[in-house]
Every structure is written in C-alpha cells, then in structure tokens.
Amino acid sequence: MIQADRFQIHYYLANDSHAMDAFVRNRCEAELLTIFQEVCATLGTSIHIESVPHEQGGLREYWKVYGENSVQINTTLAILAVLISVVSTALSRVPVSDPDKDEREKTIQELTIEEKRLAIEEKRINLEKLRKEMKDGLPKPETIEKAAKSAELNLKIQSRRSNFYRHLTNYEKVTAVGFSAVDVSDNDVIREHLVPRSHFHMYVLVDNSLPTETVDGATIEIVAPVLKEGNYKWKGLYEGEAISFSMTDAEFKNAVLLEQVAFQHGSCINCVLQIHRKFNEIGEIEITGYSVVTVLDKTDGGKTHETPQGKKHRAYKKFVQDQRGLF
C-alpha cells in the first residue's frame with residue numbers, strides 16, 4: 001500500500017489570488033486540528049503531524065504525517081477527509097422547519113432505551129470492525145464509510161466542522177475548499193474531496209439545541225417551593241445536585257397555591273422531568289434548564305401520596321405498553 005505523506009487543505013481563492021487573511025486561516029486550521037485529534041481518539045490511532053510550507057494554486061496547506069504504518073495513516077486521513085466534506089447527519093442539515101424539528105425531536109424522545117442501546121452498539125461495532133481490518137492490513141471501503149458515519153455522530157466533530165465552514169462563509173474570498181492526501185511524489189493517495197462555496201451553509205449548525213431528555217420517575221427533594229403566582233423557579237436536589245426548575249404541572253401548581261399541598265423538611269416529588277440541553281461551540285453538552293411536567297407522587301416522612309395526574313400518567317403508560325405488546 002502506498003503511504004500518504006501529506007494531508008492537503010486546498011483553499012480555492014477568487015481572482016486567482018494566492019494570499020489569504022492570516023486570522024481566518026489560523027482559525028480554520030485550529031478547527032481542523034481539533035477534528036483531527038477527535039478522529040485519532042475515536043480510531044485509537046497515534047499520528048503526529050507537522051505543518052510544512054504551503055504552495056500556490058489558490059492556497060495549499062500541507063500537514064506532513066507520521067504514524068506506525070501506511071494502513072493506519074491512510075485510513076485516518078480518509079475518514080478525516082470524509083468527515084469534513086460530506087454531510088450525512090440530521091443535525092448538520094440547515095435549516096429545518098419547526099414542524100420537521102418537532103417531529104424529529106418527538107421521534108428521538110420516543111426511542112426506547114433498548115433502541116438507544118442498539119444505536120450505540122452499532123457505532124461500537126462499526127469502529128471495532130474498522131480497527132480489526134486496520135490490524136489485518138486492508139480496511140474495506142464500505143467499512144471506512146460506516147466508521148466515518150459513526151464518528152460523525154461525535155458532537156465535537158460536528159461543532160468544530162460547523163465553526164470551520166462558518167469562518168469560510170464569512171470570508172468571501174474563498175470560493176471552494178478541497179481535502180486530499182498525497183504521497184512523497186505528490187501523487188494522490190486520497191482523491192480530493194471538494195466543497196464549493198455554495199455548499200458551505202450545509203455544514204453550519206444554525207440550532208445547537210439538543211432533543212429534550214425526558215426522565216420518567218425522577219426524584220427531586222424540594223428545597224424551596226414557589227408559594228405565589230408568577231414564573232418563578234422552584235429549587236431542589238436532583239441526583240445530589242442543586243437545580244432550579246420550572247413547575248409546568250398546572251394541577252400540582254394550583255394545589256400548592258390553594259394550600260392543598262404542604263411541604264416540610266425532606267419533602268420529595270417523584271415526577272416526569274424534562275432536561276433541556278444544548279452543545280456549545282466546542283461540542284460540549286450543557287444543560288440549559290429543567291422542567292417538571294407531571295408530578296406523580298409526593299413523599300413526606302416516608303409516606304407517599306399519588307397525585308391524580310400521576311395515576312392518569314401511569315394508566316396511559318400501561319395502555320401504550322399493552323398496545324405495543326399486541327404487535
């Protein structure tokens with residue numbers, strides 16, 4: 001197997017120019033380097049890169065690569081080229097209409113724990129298969145493709161890729177960007193993956209919110225209930241951490257305001273909790289808020305009282321499970 005010697009980033013510039021704004025280029029390189037690190041971490045490869053003098057023809061940057069063997073180097077660079085030039089995940093498509101987004105989030109929320117486990121397992125299998133074929137010396141193209149799609153689910157990769165294309169979108173001088181790898185004689189080892197400027201927007205994330213996570217049966221110890229009308233936040237302890245949350249269960253909220261529900265030290269609610277999340281510019285998940293949509297039970301001093309809405313919720317949940325059992 002011919003070993004890749006350099007990874008090439010080719011910026012196509014307007015008016016046959018060979019110069020690019022240094023700040024834009026450095027910001028773009030920082031995003032690509034982070035993606036490269038994530039790819040290596042995902043594949044378990046150890047590859048060292050050095051920046052070497054660039055060439056004209058637009059502006060061509062080269063990363064000289066060093067690794068254990070040609071299979072490791074070529075496979076890693078092939079996946080890197082695919083990840084930064086091919087859009088396949090729904091989170092990267094822009095823009096989606098609100099109904100489409102709502103339907104997508106509803107579908108994700110309705111996935112069973114088993115289905116989520118299977119999706120994670122599929123990702124693991126795809127990457128393990130690639131590692132095995134790399135060890136055997138000849139990864140198949142379809143294995144590389146599946147592994148690239150699995151790696152693309154990494155939010156850090158999606159976020160950094162979005163940042164890269166956002167920088168280029170705001171810099172009109174770049175008309176296209178290409179990614180390839182060449183050997184010591186400048187022959188293509190990985191053909192160029194070209195992204196025209198008209199496609200840059202497809203990689204930019206316009207919405208960094210994640211589907212709301214719903215926890216059915218969350219226990220919250222109440223620290224400070226809201227005893228007056230208004231959009232005030234309740235305070236409590238959830239899984240050992242202090243949180244502020246919105247009480248959107250209208251029945252329970254009204255019962256509290258009418259003094260039909262009292263609280264004491266150690267009072268807890270068992271509830272349906274929604275956790276609102278987003279990922280930041282470096283791809284890390286942040287929790288933006290909590291909402292209690294249904295209070296199922298309230299516990300005081302070891303005594304638990306089921307709420308009417310809790311009884312309805314459990315009955316409906318059982319009905320849905322029974323219906324699924326018929327098919």
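Starting from 1, each residue takes its place in the sequence as its number.
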query = What residues, two or more places apart in sequence or in another chain, satisfy salt bridge (charged side-chain N to carboxylate O under 4.0 Å, His left out) together with Glu61?
reply = Arg25

inquiry  = What I want to check is whether the side chains of Arg160 and Asn163 have a donor and an acceptor closer together than 3.5 Å.
reply    = no

ask   = Hey, is Asp5 close enough to Lys64 for a salt bridge, meaning N to O under 4.0 Å?
value = yes

key: Minimum heavy-atom distance between Val204 and Phe200, given as atom pair plus value   = CG2-O, 3.6 Å

ask   = Is Glu306 salt-bridged to Lys311, cutoff N-O under 4.0 Å?
value = no

query = Quick one: do the Gln309 and Asp249 side chains pair a donor with an acceptor below 3.5 Å?
reply = yes

task = Flag yes if Ile269 and Leu296 sit in one hydrophobic cluster, no otherwise; membership is Ile, Leu, Val, Met, Phe, Trp, Tyr, and two members link when side-chain heavy atoms are under 4.5 Å apart.
result = no

task = Return yes if some donor-acceptor pair links the side-chain N/O of Glu152 with the main-chain N/O of Ala148 below 3.5 Å, else return no.
result = no

request  = With sequence neighbours excluded, tell me which residues meet side-chain hydrogen bond (donor to acceptor under 3.5 Å, both in side chains) with Glu128.
outcome  = Arg131

query = Taking only residues at least two apart or on different chains, which pairs with a member in residues 248-268 satisfy ring-ring contact (aromatic ring centres under 6.0 Å, His included)?
reply = Trp234-Phe263

request  = Look at the side chain of Arg161 and the backbone N and O of Tyr203, then say whether any donor-acceptor pair between them is shorter than 3.5 Å.
outcome  = no

message = Suppose we screen for side-chain hydrogen bond (donor to acceptor under 3.5 Å, both in side chains). Which residues come up paired with Thr76, at least two apart in sequence or across chains?
response = Thr45

inquiry  = Per the side-chain hydrogen bond (donor to acceptor under 3.5 Å, both in side chains) rule, what does the pair list look like for residues 282-297, sequence neighbours excluded?
reply    = Asn270-Asp297, His276-Ser291, Asn280-Glu286, Asp297-Arg314

ask   = For Ser162 and Leu205, which heavy atoms make the closest approach, and how far apart are they?
value = OG-N, 2.9 Å

Determine all donor-acceptor pairs shorter than 3.5 Å in which one atom belongs to a side chain in residues 178-197; sequence neighbours excluded.
residue: Ser180; atom: OG; partner: Gln8; partner atom: NE2; Å: 3.2
residue: Asp183; atom: OD1; partner: Ser185; partner atom: N; Å: 2.8
residue: Asp183; atom: OD1; partner: Asp186; partner atom: N; Å: 3.0
residue: Asp183; atom: OD1; partner: Asn187; partner atom: N; Å: 2.8
residue: Asp186; atom: OD1; partner: Arg6; partner atom: NH1; Å: 3.2
residue: Asp186; atom: OD1; partner: Arg6; partner atom: NH2; Å: 2.3
residue: Glu192; atom: OE1; partner: Tyr12; partner atom: OH; Å: 2.8
residue: Glu192; atom: OE2; partner: Tyr12; partner atom: OH; Å: 3.1
residue: His193; atom: ND1; partner: Ser85; partner atom: OG; Å: 3.4
residue: Arg197; atom: NH1; partner: Leu168; partner atom: O; Å: 3.1
residue: Arg197; atom: NH1; partner: Tyr171; partner atom: O; Å: 3.1
residue: Arg197; atom: NH1; partner: Val174; partner atom: O; Å: 2.8
residue: Arg197; atom: NH2; partner: Thr169; partner atom: O; Å: 2.6

inquiry  = Testing the basics here: between Ser246 and Lys233, what is the closest heavy-atom pair and its distance to 0.1 Å?
reply    = OG-NZ, 3.0 Å

query = Listed by chain and number, what are the side-chain hydrogen bond (donor to acceptor under 3.5 Å, both in side chains) partners of Lys318, not counting sequence neighbours?
reply = Asp322

inquiry  = My understanding is that only residues two or more places apart in sequence, or in another chain, count here; which of them pass side-chain contact (heavy atoms from CB on, under 4.5 Å) with Asp300?
reply    = Gln264, Ser267, Lys298

message = So does Glu50 get a backbone contact from the side chain of Tyr66, meaning a donor-acceptor N/O pair under 3.5 Å?
response = no

Going by atom type alone, with no hydrogens or angles, which donor-acceptor pairs under 3.5 Å involve a side-chain atom of residues 223-230 and a protein atom two or more places apart or on another chain?
none

query = Just wondering, are more than 12 heavy atoms of other shown residues or ligands nearer than 6.0 Å to CD in Glu259?
reply = no

query = Residues in side-chain contact (heavy atoms from CB on, under 4.5 Å) with Ala315, at least two apart?
reply = none

note = Those residues at least two apart in sequence (or on a different chain) that pass ring pair (Phe, Tyr, Trp, His ring centres under 6.0 Å) with Tyr238 are none

query = With sequence neighbours excluded, what pairs up with Ala255 under the side-chain contact (heavy atoms from CB on, under 4.5 Å) test?
reply = Gln260, Val261

inquiry  = Can a side-chain donor-acceptor contact be found between Lys235 and Ser244 if the only test is distance below 3.5 angstrom?
reply    = yes

